[in-house]
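Below: one structure, written as structure tokens.
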Amino acid sequence: ETVRWARSTDASTLDPHALNNGPNHNLLHQVYEPLIIRTAEGKLLPTLAASWQRTDDPTVWEFQLRKGVKFHDGSLFTADDVVFSLQRARAPTSDMKSLLVSITEVSKVSPFVVRIKTAGPNPLLPESLTNIQILSAAWAKAHNVEQPQNASAKEETYATRHENGTGPYVIASREQDVRTVLKLFPQYWGRGQFPLEIDELVYLPIKSPATRVAALLSGEVDFVQDLPIQDAARLRAEPRLRVNQAAENRVIFFGLNVGSAPLKYADVKDRNPLADRRVREAFQLAIDRNAIKTAVMRGLSVPTNIIAPPFVHGYDKAFDVVGKSDVARARALLAEAGYPNGFAITLHCTNDRYLNDEAICQAAAGFLGRIGVRTTVAARPLALQTAAINNLDTDFYLYGWGVPTYDSAYIFDYLVHSRGKNSRGATNATRYSNAELDAKIVSLAAEGDARRRDETIRSIWTTVQKELIYLPLHDQIQTYAMVRKLDIPVNPSNTPYFKLFKLAKG
Amino acid sequence: MPSPPSSSAPPLLRVDGLSVHFDTPRGPLSILAEVGCTLAPGEILGVVGESGAGKSMLGKAIAGLLDPGGHLGAGSIWLRGERIDTLGAEDRRRLRGKHIGMVFQDPMTSLNPVLTIGRHLEETIRTHLPLTPSQARERALALLQAVGIAQAEARLRQYPHQLSGGMRQRVAIALALCADPALLIADEPTTALDVIVQAQVIEVLRRLCRERGTALMLVSHDMGVIAGVADRVMVMRAGRVVESGPVAEVLEHPRAPYTRALVAAIPPLDRRLRRLPTPDDAVPPAPLAVAAQQAQAAQPLPTVHMPAGAAPLLQVSGLSRRFDLSAPWLLRTLAREPRRVLQAAREVSFAIPRGTTFGLVGESGSGKSTVARMIAGLLRPSAGSVTLDGIDPWSGTQAAAALLGRFQMVFQDPYASLNPRWRVGRIVAEPLLALRARDAALDAGAIRERVAQALQRVRLPADAARRYPHQFSGGQRQRIALARALVSRPDFLICDEPTSSLDVSVQAQVLNLMRDLQDELGLTYLLISHNLAVIRQMCDQVGVMQAGELVECGPAGTVLDTPRHPYTRRLLAAVPDLGHGRRPLAARA
Amino acid sequence: MSQPPLPRPGLLARWRQSDHAALRTLARSRAVQAALLTLGLLLLAALLAPWLARQNPFDPAALELLDAFTPPWRHGPSGAFYPLGSDDQGRDLLSAILYGLRVSLLVGAAAVALSLLAGVALGLLAGYAGGWFDALVMRVADIQLTFPVLLVALLIFGIARGLLPEGYRDDMAVYVIILAIALSEWVQYARTIRGVTLVEKQKDYIAAARISGRSRNAILLGHLLPNMLAPVLVIGTLSFALAVVAESTLSYLGVGLPATQPSLGTLIRIGQAFLFSGEWWILLFPALTLLALALSVNLLGDWLRDAFDPKLQ
Amino acid sequence: MLVHLMRRLGQSLLVLLAVSFLSFLVFRHLGDPTVSLLGEDASLAERQRLVAELGFDQPVPVQFARYLDNVLHGRFGISYRVRRPVTEVIAERAPATLELAAVAALVALLGGIVLGVRGALRRDGWTGRLLAAASLVGVSLPTFLIGIGLIYLFAVRLHWLPSFGRGEVVMLGGWSTGLLTASGWLSLILPVATLALFKLTLIQRLVRAEMLEAMRSDYVRFARARGLGERRIVYGHALRNTLIPVITIAGLQVGSLVAFAIVTETVFQWPGLGALFIASIQAVDVPVIAAYLLLIALLYVVINLVVDLVYALADPRLRRA
Ligand SMILES: Nc1ncnc2c1ncn2[C@@H]1O[C@H](COP(=O)(O)OP(=O)(O)OP(=O)(O)O)[C@@H](O)[C@H]1O
Ligand SMILES: Nc1ncnc2c1ncn2[C@@H]1O[C@H](COP(=O)(O)OP(=O)(O)OP(=O)(O)O)[C@@H](O)[C@H]1O
Ligand SMILES: [Mg+2]
Ligand SMILES: [Mg+2]
């Protein structure tokens, strides 16, 4: 059975540790496997690890590996590969390293037992391994890809376009941005355990949303993973099709440059208006998140006041009270901060990544316009947006964040911690830097006591919420549309595992 | 007009009371009215008349080739006693080529440039005759030889552009004769050719008609051609037949006043007249008065006495001009091409005394215009000098400025020499616009005044200034050009074929005007023409050019009556002339 | 289009018999009349957009987000009336089309004006002067011809993107597009004008002017230029249609005008996303407007060409 | 003829040289390659090494010479976006575009000529009027609207044809072709229709105008006077002459198809050079942009030379006797 699977973006590399983003993981999860995966229901499912537990030492976890697993090149999977892969994922050129900052050592105990030692007790270690793919140590050595491809490397490596995983599918052919054909791996260890009913998977990146929908309607694809919101209602009425919806583990928010230097993309040249919390609050009050939900998102979003989705450990309803928008108050705050006539600013926005991203920005520009902040929307592809964020070349930007570990620490590590220190803060373009907070964030990785850890998380969140360095918008609701014979549940991490799907009969 | 009573056999062609009209935006327009004529086998009928008289239309109507929008009205056309104007389109087509052949004016565009001569001929032959390809080829060869084309075999494989104009016209004649039609209609077959070639083509036509018994309807506005070839002539005007009859009779004793005027307007080659009679003089008044007026006008003109010793107004010495036609150096070297230089004028020297007319004749391409353009300052000479009243216009801007307005030029094509988007007033004023910078007295009022004067001088109504050139006839346009030339009060006028695109009658008007102006203003003319009769009428001195060289130069009478150079003799011999008393062309060629 | 109201029958009847082929065909062809009327209406609408439109669709603050996706001829939740419906931002589509039309026409007109000026000047000079200048202009034109409009526009856009600081990119977009289209269109004028100049300058009236001592400028401006009017008018009209379509295509590709400054092409790009979801009006109305504009301009261009081309009469 | 061809060849080289200079300027001065390749956080030493490696520290003429040398050897650098050699990326995408453009060119040429002749012959009949009206709509419709309309009708409404992509492709050596599979051909239909329609109408209008003129020409009049059949006159005389000017314009139009494919490729998600170019423009992927420019210029120049040759063959006046 062949399933043609369409999505807006292609994975940009097959190197499993080179980039930490959805489209990459999405494809690679069919080819490579981590030790553990998380199912649509949010449960952890043993994959290359058969089982795991904390050892007596609270800082050491032990993983029993699955036996009889073959790589696609036919070689046997052993503990050496796990040790190698985790080291590789922690390498400086790895984009996954922030996930693994707590790890201090990975060691092989026996050919099928591996121990991982963390800096302090890390109860959430298994959660952070769900996107760390395992590759063959021998293969990597043979092809000189022991280091992950550097995101800013001049040229690709062997691993950019070749794979050797243990996953259920083998890449039969691949034209980047065009199509990738995946065939069932005959020696896959999971035969008999998983349905594996789909023996050929054709992955088709289709950039234009309308074309994606057209292709589904005309029967050229079977499954559209990121359905444009506006088409959900219409497709639901189509008897041939099935539409599944569920909240994604991803929050959409605006980032603000709160640093002290004047802004690059605003007309206030002598200081940074966003450094003033009153301005940020005015922004918050101006943007009507409920209106964005009803009009732009057609009800398919959950307005939020915290940049953590409810799936995430540390999420608290108390933080998530979406206030009503209040233009008058916002104006007053702006005036108070010294901008009675507002100012002009550029809002950098993606246009190919999140649901209705550009439209959200425009709506926000409209709302900000009402309080006198003249906002120019500059929309561009994710790649440029990410680069700008990584290069601190933006002052006001739309971004989204998914939390594969389901734990607040992941958010703090990437978005809150000061940039660049302790291998953290890689995606924090707010220029926010708070030494005390940094210390707390670092401590989370080593905190064994769950209660104390929760308290620290709570205190960090309190600061983050108070400082308003991010303006949360909403949690995304994902819509999958597919032909009736398929019934693919929406996975909060937005990663379908095709080996798990059964086809409807008849 | 009824055609002359035919002999016993039924005529080959009979046209009875034919009328043709065209649909125009303003309703039907009558082009031919009650035209009738007959043509016996082997007979040559000349059709003459001024431009727009409907000569071509008659030929087209007979062949069934009216342009879209044209309709046959009353009347009938009979071929060998059968009525053909009522036949269906397909039957008409079968007649064409097989029974009626046609030749058009322009040999340059009549042949398809991408097909070989052989293709043209074979295709036409096989459309009409059931022949095999090789038979068709043979016939094609024979036809080419019949029209006098040498190396016929090789020509079959050539393309039209590889043939000269005269050859092309002969190929066109061969094409028209492919299926041995009984009737050949030739619509101005030689107008686009120069005199010598024209004589050859006319000779071919005449011979073929005699040899094959083909009847020929020869349309022309050149009376000389008709006089030399036709048995009978039909004179048309404004869509009607004015007169018809045997050539000698009509030319010598024209009955209709229009015919009389037309004949009279043809400048004779052997005498110089004071004025040329024009139809305008002739038609409205009673015939008798005309005759008297003409008799008076046609007094021979005494030769001008040249003031001996006076410095000539224009002195041209050793004037040469080369045109480099070769490719740029690098390409030329790479392609191993020799340098190709055209010597358009070679060491031309002559002088024109004040108040006289110098005529320049020669066949097409002999360099007449090149010389004129160098004198006018439009083309820089490669060598030699021009001095006008002692000043060389090429010696510097100051000299050029000094000569500003002192000389002017009148061109051949009255349509191209007037800017179609300017009003006549502005066109005529143009030379003054340039002078205005130096002459403070030339304000708008003065200019208007001078323009009005100039228009009046060329006998144009004063309101002409407000109209556009396209609202005037060819003759009137040439007068506008003259007015422009005169407005700056020049001493010297260069006229490059000023009448060659005009009808005989209009030509007479323009020539008369030029003559009058010379009398009034004491102008000096350089007149270029390839019409020797015109030269005869207008010039005191004549220069004959051949291939860039001035081969003969001297007083007009001497050169034309007793030519010394063989080329001049050839040129003179080729001129078709009414010749009082017909001489066969062949005998003269 | 409804039946255009006819001018006084007397006028049309007179035109029908006019000497000018242009007037004659105009009086006879319903299609040309309809095109003139359509174009006139569109021009008027664009000109009066600020007064006709209910809101300024360029001003994000003026939009009522909650009125998004109101179908045509309905009231939105805020009570406002949307004759042609509203788009995903609650933008009144009629206003958006009026303003979009304005942008499209402006870009078209400015591009045509720019390319016309440059092309005519270069063509005239090259044709009249000849020599190295002519060779230079024609070689540059050759190079220019290598790259079709779209490519040039994309390239300029790309270069501008690379050179301009980000904040200015959107503001400059209009100018960049105008420049891009003008740059790829001037060749048309230059080549045609040069050709006509070469023909005209051979004509004797130019020689007469030179003999009369007229200066080169007087000849260029007084004699040659007026004769270029017909071809320039024809090319201008046709290339105006081309420019409008090119602009919309660029905007459609997402490299033209930004969504905050929508031209017709941008509106169509936005509307395309709603083709399958039932909000057909967001695509349909701008598309129809664009089509009507391009069609009527092209029709007029054809009309002018036929009327001015003596060969076709 | 030889001189003419050599002159054209010289001009072509000049054009190519000028375009390569343009492309060099784009390559050299658009964006900072050190940032694009190394990222902002690269060290100064790293940067200097790259600058030296790319030769950007040398005088401009030397750089240009180097660039030319690289270009002649097919080295266009490394794409900033996909981090692979540009030559490789382009070679991978070229077949899709070339196949699309070639088929579209064929359709546009044949269709344009046939319809143009029809339109000219039946000028005042209803076929002629219909064709004239259709061609007017054809030139007025922006390509992308045609594409959207076709997708909506034939893919979404009728389910007859695929709405995107190339279908199945077969590798022939390094060339991926969709012309050998049924799905490849089916996938071609809509994009080809979209791409060809505009050019088809252009050629149709051109052929019609030239044909009308040819039918009024003297040689046609003379052919009529010789009693040749109408078919012979139309196809043997008028059309042959019409094709000569058509060759030039049609050649240019066909050349620009490749560049025009940008829109079609975007609408139909066609994995060709146009889509690559748009993506590169958006990502300011300078080496790809520069290479693409040169490629288009080369294509144009080659087509122009071919057109010149064909022209000379078709028109005996240009042939040497
Ligand atoms: N297609 C047409 N439609 C309308 N009028 C026409 C058409 N063709 C010719 N005429 C008119 O018919 C008249 C006769 O034209 P025709 O060509 O027969 O003149 P002609 O005697 O051959 O003149 P010329 O010596 O200049 O060749 C002219 O007034 C001309 O304007
Ligand atoms: N600008 C030019 N470049 C190249 N050759 C030229 C140029 N002008 C004239 N010639 C050539 O010079 C020769 C003489 O031309 P010219 O016009 O002086 O002849 P003409 O005697 O006036 O002929 P016609 O009677 O046809 O007007 C011709 O062979 C012509 O082709
Ligand atoms: Mg005639
Ligand atoms: Mg001459």
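Below, read A as the first sequence line, B as the second, and so on, with proteins coming before strands; counting in each chain starts at 1. When reading the values below, keep in mind they use all heavy atoms of this one structure, side chains included, and skip hydrogens, waters and symmetry mates.
Residue-environment remark: OH (C/Tyr175) stays at or below the threshold of 12 foreign heavy atoms within 6.0 Å. For C/Arg139, the CZ atom is densely surrounded, since the number of other residues' heavy atoms within 6.0 Å is greater than 12.
Of the two parts of B/Pro490, neither the backbone nor the side chain holds a non-hydrogen atom closer than 4.5 Å to a non-hydrogen atom of chain C. Neither the backbone nor the side chain of B/Tyr415 comes within less than 4.5 Å of any heavy atom in chain C.
Nearest approach of C/Gly222 to B/Trp422, heavy atoms of both residues: O-NE1, 3.0 Å. Taking all atoms of both residues into account, the shortest heavy-atom contact from C/Ser212 to B/Pro431 is OG-CG, 3.4 Å. In this structure, B/Pro420 and C/Tyr205 approach most closely via the heavy-atom pair CD-CE2, 4.1 Å. The two atoms that bring C/Arg210 and B/Leu378 nearest to each other are NH2-O, 3.3 Å, heavy atoms only.
Contacts with chain C were tallied for B/Ser488, B/Ala485, B/Ala416; B/Ala416 has the most, counting heavy-atom pairs under 4.5 Å. Counting heavy-atom pairs under 4.5 Å between each of B/Leu403, B/Asp413, B/Asn419, B/Leu418 and chain C puts B/Asn419 at the top.
In this structure, CD1 on C/Ile211 lies 15.0 Å from CZ on B/Arg406, to the nearest 0.5 angstrom.
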